[in-house]
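Notes to accompany the following structure.
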Amino acid sequence: MLKWFGAGSFRHGVHPPEAKDATRDLPIRRLPFAPLLVVPLSQHLGRPSIPVVREGQQVVRGEPIARPDGFLSVAMHAPASGVVKAIGLAPGIAGRMLPAIYLKPLPGSTQEVVEGTPCPLDATPEQIVHAIQEAGVVGLGGAGFPTHAKLRPPEGGFIDTLIVNGVECEPYLTTDHRVMLEQREDIFTGLRFLLAATGAARAIIGVEENKPDAAAHLREGLPEKLPVSIEVLPVKYPQGAEKMLIEALLGRRVPPGGLPASVHALCVNVATTAEIGRLLPHGRGIQERVVTITGPAVRHKGNYHVPIGTPLHFLLETVGVEDDLSRVFLGGPMMGSAAPCLDVPITKGTSGVVAFTERESLTTQVVEHPCIRCGYCLDACPMFLDPSQLGLLAANERHQEMADRHHLMSCFECGACAYVCPSHIPLVQRFRVAKAALRKAKAS
Amino acid sequence: MVGPTRILEIRTSPHLLSGHRVETIMFNVVLALLPTTAWAIWCFGLKALLVLVTALASCLLTERAACAFSDRPSSLGDGSVAITGLLYGLTLPPGLPLWMVAVGGVIGVAMGKALFGGLGANPFNPALVARAFLQAAFPVAMTSWLPPFGPDRFGSLPASTLAPPFSRAVVDGWSGATPLAASKFGGELSALADLATGAVAGSLGETSGLLILLGGAWLVARHMMNWRIPVGIFTVVAGASALLHFVAPESHAPPGFMLFSGGLMLGAVFMATDMVGSPVTGAGCLLYGALIGALVVVIRAWGGMPEGVMYAILLANAVSPHIDRWIRPRVFGQVAAEGDG
Amino acid sequence: MSTPAPLPTADPSAWSMARALVGVGLVCGLLIVFVYEATRPTIERARAEALRRAVFEVLPGAASSQSFEPDENGRYIPAGANSSSEEIVHAGYDTDGRLVGLALDAAGMGYQDVIRLLYGYATEAEAIIGVQVLESRETPGLGDRVESDPGFQANFERLDVSLAADGQTILHPIEVVKPGEKQHPWQIDGLTGATITSNAIGSILRVSTLARLPAIHARLGDFEPKDSEPGDSEPGDSGKEVAP
Amino acid sequence: MPDQGLGSIFLNACLINNFVLAYFLGLCPFLGVSNRLETAVRMGGAVSFVMLVASVCSFGIERVLVAIDAPYLRLISFIVVIASTVQLVEMFIRKTSPALFRSLGIFLPLITTNCAILGLALFQTNKGYDFAQSIAYALGAGAGFTLALVLMAGLREKLELAPVPDPVRGTALALVLAGILSMAFMGFAGLGV
Amino acid sequence: MNADEFWKGLWRENPIFVQVLGMCPALAVSNTARNALAMGLATLFVLVASNAVVALLRDFVPKQVRIATFILIIATFVTVVDYTIQAVSLELHRALGAFISLIVVNCLILGRAEAFASRNGIGRSILDGAGMGLGFTLALFCLGAVREILGSGSLFGVALFHAEFQPWVIMLLPSGGFFTLAAWLMLFSRWRAPDA
């Protein structure tokens, strides 16, 4: 029982099938450039970046092609050497058209990356934060929050612990797993930058116990003077969520609506950390990321370095998919979104591509039943909400009541409730609709 | 091959579902009820079979008709009505006229469920609504008990079973008292072993406590039943009756008797745990169970009726929205002092 | 009373308000008193008749009755018409003017609500010889069978309530047994399916007989038709009435 | 009248012969304000309070009427005295405690002509309760009314989210719920024999 | 349309089935058709009489004391009815019990006095009272008939079925009253659905 409350794990949560075996042991490989890359200008939360290139301009791989628009925004870099074909709209993941830079790689484009001004390890925190922004680093776990924006402790507050999220609780995905195995030194370098930027005294890398090799590998190479420990956590979804991870590792609970900084902690994804360690010493920006491409419909499953902006259809063609492909998810199956079409490009937040065939589709042919108030969702919800009641209220469009009395805004859409719901009620979708309606009502 | 403009099926996350399905849950409840049902038929013979079949059929047909009437797709598939029918049948006395069984089935499903909007909307357990209706409508027939293991129980039927519709039930032969009635009005206690195995007079399903517990254990093991509800009920009933028995042994039965007699087992394990009518939180379920237990003891000890499980559960059903209102999970990270909105 | 108000209703004076209220109140009061006086004789006759019928019902053989109430010395004296004493006793006399028995009120909690009974006590036999339910809200078809069930009513053909030798208490207080298990004359055979109600009736009778019979029995002489001939008084003006 | 214990009278008025569920008294507020738990609680409180006032009043009136031998004025004086007392109480509350007035006061005028109040006055008189018994009866009746109202409000709030068929929605649904509650309350029959 | 004042109460604005007023007496004494009818007629009388008097006095009574006067008038007529029923049949009086007195607080009567009679002439008020009263009586009878037929197997005390008929006791109990009224309300809302 003690383990439930202390460091170990958070309460509630679910245990979806992990389905990581197919790719966990496959080293990261490189994917070729697509004939046309589509780099959306808004791959992060916040203001879209502002293009600094013209149509027809030639760019070199790694060269900045867009600059941040304000603090809550990051720079973009050319994922390949080539010509800017157009700056226009491209299909985004939510089905909407978003501004993007169309880049046609040159036929002989190499993997060579141009270097910028390196950021030294002994730079001031402000310099590091700025460098991270200029490197275009956003949370690679999927949320896409500009990393530099959360490094500064709040006014009057402080951060004592830096948490590196190597949990990767989403089923199917092995991106972070491979990064931990293959980019250990980058992670430690990144950690040094982050510790310097935040002023945190120590760092903890949290790894779920289904990745013992990663934990052991990190431990072995741990530099002596780095105040970093590696904690192995039991497997549970959604342990990768900031608040859950902080509770699991520190036993601190972030209050509703609060940030991790309010409990003096900061969470950074392990892949993001590695990327910082990889880019900053060379003054580079993000041009590619590690993506797990897997799922029953994929022939050559694996972990790939994928250039940002690679359209889904090219990616799937390259790895080969079954003919009866029916659904593709960007990110994991729990929190990722379904791709509306195969024109959608890989962005910085895309940690995985999971493709299903019609046969294997996990949620097709489900009939929605009325809520029978079984309470499974209450036992699943890591935020201790009452999804059952929220779902009923949502169905009756009582959105205000959901927010006022049932803490709708604490829901971070992990999907644990809908996962366990025996009535197959699309709870998360209803909550999203409700939140959108509330935002709209508030705005008007 | 993969075309760039291919439109895919869109659905919001999560894209994985656990194996839980309403149908599976309901199927398992039926499965858990089977030993009790089989034992009831073995104890009471042909009449029990007929009562159960009639109960099931009337409930299923009513649900089908209600669906047709309100232009809903048939909801027979979700299996919840089958449970209602089976549970309802198990609460009836073995010799009840079949026409009354059918009336109760129609009332239970129509009034206890369809009127409120079907599955998930019924605030009360439909099987108990049906039984309470019958108890109020035909009190004599509902309290005429036949002993188990009667001679020739598979070859003959009591006259009451086949009473023509709307006619009085002729109670023929021996009409036994249930152990509870015998204890309450006659001061006699049945042997615990008889109670546990079911060799006593009573409703079809209130005979064997052990088989009911077995079914309950199956459901608990499969996470398809909230164990807190029966535990709450058993704890309070055992505790309160132990206290009463200690204070006044001559007028109050010992806890073992209280637990295994009457409909307590069936009610606690299968009726009170009906997910729709019970609270959703763990603490709420414990409280709900405790409330049922307390009501059962109060009604049994001081009320006019020998048995109070049915009323206790119906009353607790009515209280359960309040329990859900008062006991809500405290949202993650909220400090206790802040209180609950 | 229908004179329209001369003042505009928009600005009523206190006077017009008072006039309206007092006027209406006065007329209403008059109407009520008138109806009350007009119907009172009929109602009282009907009430007396109902009571008498009940008394005759529980005292088979009685042809006339008179109500008594105890005075401050415990002596039973003929009761006034509007006496509401709870200790009231109705004596029943046969055609020859001999005391048949006494009818007593009793009440107690039943299954649903208070049950009110009238029971006939045969003074010589020292037994209850009839019970009539005056008021009950028992479950129709179940608890209310105590009024109609012939088997149950048979209990009260002669229910022994004889006093103990010292005259201070009942020798065998009334008890209710399970249906079909009556063995002694002081036992009541319970009613199948209406255990609570039959228990309640038994308990009401037991409590009432224990409490009242010893005292009444000690003063039996008060009820003997002394100087006044039974059956000669006017109906309605006292508790004493004639058989039709 | 038998000397019924005060507890027994309370239980009887509260559970066994619940004013709403067994006597159908006070159905208008029962059906009218049982949509929301909050109003239901406040209404229950207001009714209980007026019941207490009415009980005391009618006990006094009955004594007066017996003394002047005018039973025919019972009904008219009950209603007038209860109505005016409640009016006075309302004014008093408005003056002394605006908060209490806001929570209970707005219901008071509605309640004066409520059958549960007059019913209580008439029943306690018919049963011939003494002063303490009358108070117990009024408290029980008030508690029972509040209980029924609160249970009903909980059920109705829950059913607001359910797909109740249209012809049933509204009063008919409330009546069905009341009927089932009434059946459930039958379980209390015989308590305190 | 004078006739309309009368007919509306029977159907379109039926006090019980449509306006859902005066339910306490409707449910409490409708366990037999006879009681229901007696209660209905008593209410009808009070309604007509109070409507007539209120209409008569409508210019005489100032606004401030209107309700008080109405209650006085209604209470008077109820007392009259109470004693009349007692004189006619003690048994009926016992069956109806306190619910006769409770006619005073039947919202229907005060409602009609306030909403109609205090604004209309005596003729129209009487018609309105009669219509509403008959509608109330009709509804009460509908309830009482169903409850008595099922609950006792008889109508007006006359047995309708064979001797072996099993009465549905619940119909005589409070819960049966609730259910029967609910059923009638549902029926009515279905019947009226096309109008709405």
Side-chain angles (χ1 to χ4, degrees), chain D residues 17-28 30-32 71-80 82-84 87 109-123 125-127 165-186 189, chain E residues 16-30 67-68 70-83 97-111 114 170 173-193 196:
Chain D
N17 289 310
N18 186 286
F19 264 45
V20 182
L21 299 175
Y23 285 148
F24 307 105
L25 293 175
L27 274 183
C28 298
F30 180 65
L31 298 175
Y72 44 86
L73 286 181
R74 187 186 286 159
L75 183 59
I76 212 163
S77 43
F78 275 4
I79 190 128
V80 168
I82 292 173
S84 29
Q87 199 80 41
L110 289 173
I111 300 167
T112 46
T113 53
N114 177 328
C115 33
I117 309 296
L118 188 64
L120 173 92
L122 291 170
F123 286 155
T125 313
N126 286 354
K127 288 172 185 259
D166 277 339
V168 188
R169 214 168 258 287
T171 314
L173 182 74
L175 286 171
V176 171
L177 286 175
I180 298 179
L181 271 183
S182 172
M183 284 199 309
F185 268 64
M186 284 170 65
Chain E
I16 290 202
F17 292 148
V18 181
Q19 302 185 55
V20 206
L21 285 174
M23 310 246 275
C24 319
L27 288 167
V29 295
S30 62
I67 300 287
F70 293 168
I71 291 181
L72 264 180
I73 294 169
I74 296 168
T76 307
F77 285 113
V78 172
T79 313
V80 168
V81 167
D82 191 13
Y83 281 113
F99 290 97
I100 301 177
S101 303
L102 288 174
I103 295 177
V104 178
V105 280
N106 188 332
C107 4
L108 171 65
I109 297 176
L110 193 60
E114 167 74 13
I170 191 171
L173 301 176
S175 41
F178 282 118
F179 294 146
T180 317
L181 182 56
W184 275 110
L185 284 180
M186 280 181 248
L187 257 180
F188 244 76
S189 80
R190 258 195 110 76
W191 278 341
R192 290 167 40 85

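Below, chains carry the letters A, B, ... as their sequence lines are ordered, and counting in each starts from 1.
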If every non-hydrogen atom of [X] is compared with every non-hydrogen atom of [Y], which pair is closest and at what distance?
X: E/Pro174; Y: D/Ser182; value: CB-OG, 3.6 Å
X: E/Ala28; Y: D/Tyr23; value: CB-O, 4.0 Å
X: E/Phe178; Y: D/Leu27; value: CE2-CD2, 3.8 Å

task = Tell me, out of E/Ala75, E/Cys24, E/Gly22, E/Gly177, who's got the most heavy-atom pairs with chain D below 4.5 Å.
result = E/Cys24
request  = Please state whether the side chain, the backbone, both or neither of D/Phe30 comes within less than 4.5 Å of a heavy atom of chain E.
outcome  = neither
note = When the 4.5 angstrom heavy-atom criterion is applied to D/Val80 and chain E, the contacting part is side chain
ask   = What's the verdict on ring pair (Phe, Tyr, Trp, His ring centres under 6.0 Å) for E/Phe99 and D/Phe24, showing C-alpha distance, side-chain angles and the deciding distance?
value = CA-CA 10 Å; E/Phe99 290 97; D/Phe24 307 105; 7.8 Å; no
key: chain D contact via E/Ile74 - which portion, at a heavy-atom distance below 4.5 Å   =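 For E/Ile74, no heavy atom lies under 4.5 Å from chain D.
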Is the shortest side-chain heavy-atom distance between [X] and [Y] below 4.5 Å?
X: E/Val104; Y: D/Phe78; result: no
X: D/Ile79; Y: E/Val105; result: yes
X: E/Met186; Y: D/Leu173; result: no
X: D/Met183; Y: E/Leu173; result: no
X: E/Leu102; Y: D/Leu122; result: yes

Gap separating the [atom1] atom of [X] from the [atom2] atom of [Y], nearest 0.5 angstrom:
X: D/Leu75; Y: E/Tyr83; atom1: CG; atom2: OH; value: 9.5 Å
X: D/Leu118; Y: E/Ile103; atom1: CG; atom2: CD1; value: 11.5 Å
X: D/Ile180; Y: E/Ser175; atom1: CD1; atom2: OG; value: 10.0 Å
X: D/Met186; Y: E/Ile170; atom1: CE; atom2: CD1; value: 6.5 Å
X: D/Leu175; Y: E/Met23; atom1: CG; atom2: CE; value: 4.5 Å
X: D/Ile76; Y: E/Thr76; atom1: CD1; atom2: OG1; value: 3.5 Å

